[in-house]
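A quick write-up on the structure given underneath.
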Amino acid sequence: MTRKTVSAKLIARVGVLGAIAALLFLIPGIPIVPPIYKLDFSTVPVLLGGFSLGPVPGLLILLVKDLVGLTNSSSMGVGELADFLASAAMMLTAVAIYRRHHSRRGALIGLIAGTAVMTAAAALINYYIVIPFYVAAMNMPAEAIVSMIGKVIPAVDSLPKLIAFATTPFNLLKGVVLSVITFLLY
């Protein structure tokens, strides 16, 4: 095989997985913590692509997914940025471990570690990027966001509690669901 053939195959694989991920991203997610957190399965092709093709193609698949997602965004792009950063944290962690331990066990350990890293990254992303963006761009006080989530989760009465009781459990659940599906498919 020539280098050109391998590159064309790689581009085709990234394109196909990116298209599948984008289609999954456009399907409305399952609301978990209404009205802001919805579970979708669009990161599964990203993880599969990262495992089979490597971290850079995995990031390209993720980029395609989130760029297509921008066309249907209701978050002015901040949701897609948060998704890109959190999903990248999960995928890069999982792939790094899997590449060192190329086995089913390595994939499982990578997915578990990826879930932990994504959960921590998402907490920081929400605290430092997403919520401040909504406060500034939508002229919505942080208290209004906290109150909105507090109606669903009564323990939420401050921004740190929103992160602790809504963002973190949601992303932990999301990571576990994505990991199970990815592990079963891979």
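- Using a 4.5 Å heavy-atom cutoff, the side chains of Leu48 and Thr182 are in contact.
- Atom CD1 of Ile97 sits about 9.0 Å away from atom CG of Leu111, to the nearest 0.5 Å.
- Side-chain contact between Ile145 and Ile131 is present, with at least one heavy-atom pair separated by less than 4.5 Å.
- Linking Ile, Leu, Val, Met, Phe, Trp and Tyr residues whenever their side-chain heavy atoms come within less than 4.5 Å leaves Ile20 and Ile181 in two separate clusters.
- For the residue pair Val14 and Pro57, the shortest heavy atom distance occurs at CG2-CB, 3.7 Å.
- A heavy-atom distance below 4.5 Å is not found between the side chains of Ser52 and Arg13.
- Cluster membership check: Val95 shares its hydrophobic cluster with Leu10, using side-chain heavy-atom separations under 4.5 Å among Ile, Leu, Val, Met, Phe, Trp and Tyr.
- Here the CE-CG distance, from Met148 to Leu162, works out to 8.5 Å after rounding to the nearest 0.5 Å.
- Both Met91 and Leu81 belong to a single network of hydrophobic side chains, linked directly or stepwise wherever heavy atoms of I, L, V, M, F, W or Y lie under 4.5 Å apart.
- Between Lys174 and Asp40, some side-chain heavy-atom pair lies under the 4.5 Å cut-off.
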- side chain to side chain contact (heavy atoms under 4.5 Å, CB included) between Phe183 and Leu178, worked out: CA-CA 8 Å; Phe183 189 74; Leu178 293 174; over 6 Å; no
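- Listed here is the closest heavy atom pair of Ala121 and Ala89: CB-CB, 3.9 Å.
- For Ala94 against Phe51, the heavy-atom pair with the smallest separation is O-CE2, 3.6 Å.
- At a threshold of 4.5 Å between non-hydrogen side-chain atoms, the residues Thr43 and Lys65 count as touching.
- The two residues Ile61 and Ala21 come nearest to each other via the heavy atoms CG2-CB, 4.3 Å.
- Distance check: Phe25 CZ to Leu70 CG gives 8.0 Å after rounding to the nearest 0.5 Å.
- The backbone N or O of Val68 sits less than 3.5 Å from a side-chain atom of Thr71, completing a donor-acceptor pair.
- Heavy atoms only, all atoms of each residue included: Ala164 and Pro169 are closest at O-CD, 3.2 Å.
- Checked against a 6.0 Å centroid threshold, the rings of Tyr98 and Tyr186 count as neighbours.
- Note that CD1 of Ile125 and OG1 of Thr167 are 10.5 Å apart. Values are rounded to the nearest 0.5 Å.
- Of the N and O atoms on the side chains of Tyr37 and Asn126, at least one donor lies less than 3.5 Å from an acceptor on the other residue.
- For the pair Leu85 and Ile129, the minimum side-chain heavy-atom distance is below 4.5 Å.
- The shortest distance between side-chain heavy atoms of Leu62 and Asp83 falls below 4.5 Å.
- In terms of heavy atoms, Ser179 sits closest to Met90 at OG-CE, 3.3 Å.
- Here the straight-line distance linking atom OG of Ser42 with atom CG of Asp66 works out to 7.0 Å at 0.5 Å rounding.
- Hydrophobic clustering (ILVMFWY, side-chain heavy atoms < 4.5 Å, transitive): Ile30 and Val176 are in distinct clusters.
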- Message: Please evaluate residues Ile153 and Val156 with respect to the criterion side chain to side chain contact (heavy atoms under 4.5 Å, CB included), reporting the C-alpha separation (whole Å), side-chain torsions for both, the decisive distance (0.1 Å), and the verdict.
- Response: CA-CA 6 Å; Ile153 303 171; Val156 173; 3.8 Å; yes
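- Ile149 and Tyr134 fall within the same hydrophobic cluster, where Ile, Leu, Val, Met, Phe, Trp and Tyr residues are linked whenever their side-chain heavy atoms come under 4.5 Å apart, directly or through other members.
- You'll find the side chain of Leu59 reaches within 4.5 Å of the side chain of Leu92, heavy atoms only.
- Counting only residues at least two apart or in different chains, side chain to side chain donor-acceptor pair (under 3.5 Å) contacts with residues 141-155 are absent.
- Under the side chain to side chain contact (heavy atoms under 4.5 Å, CB included) criterion, Thr119 pairs with Thr115, Thr168, Asn171, Leu172, sequence neighbours left out.
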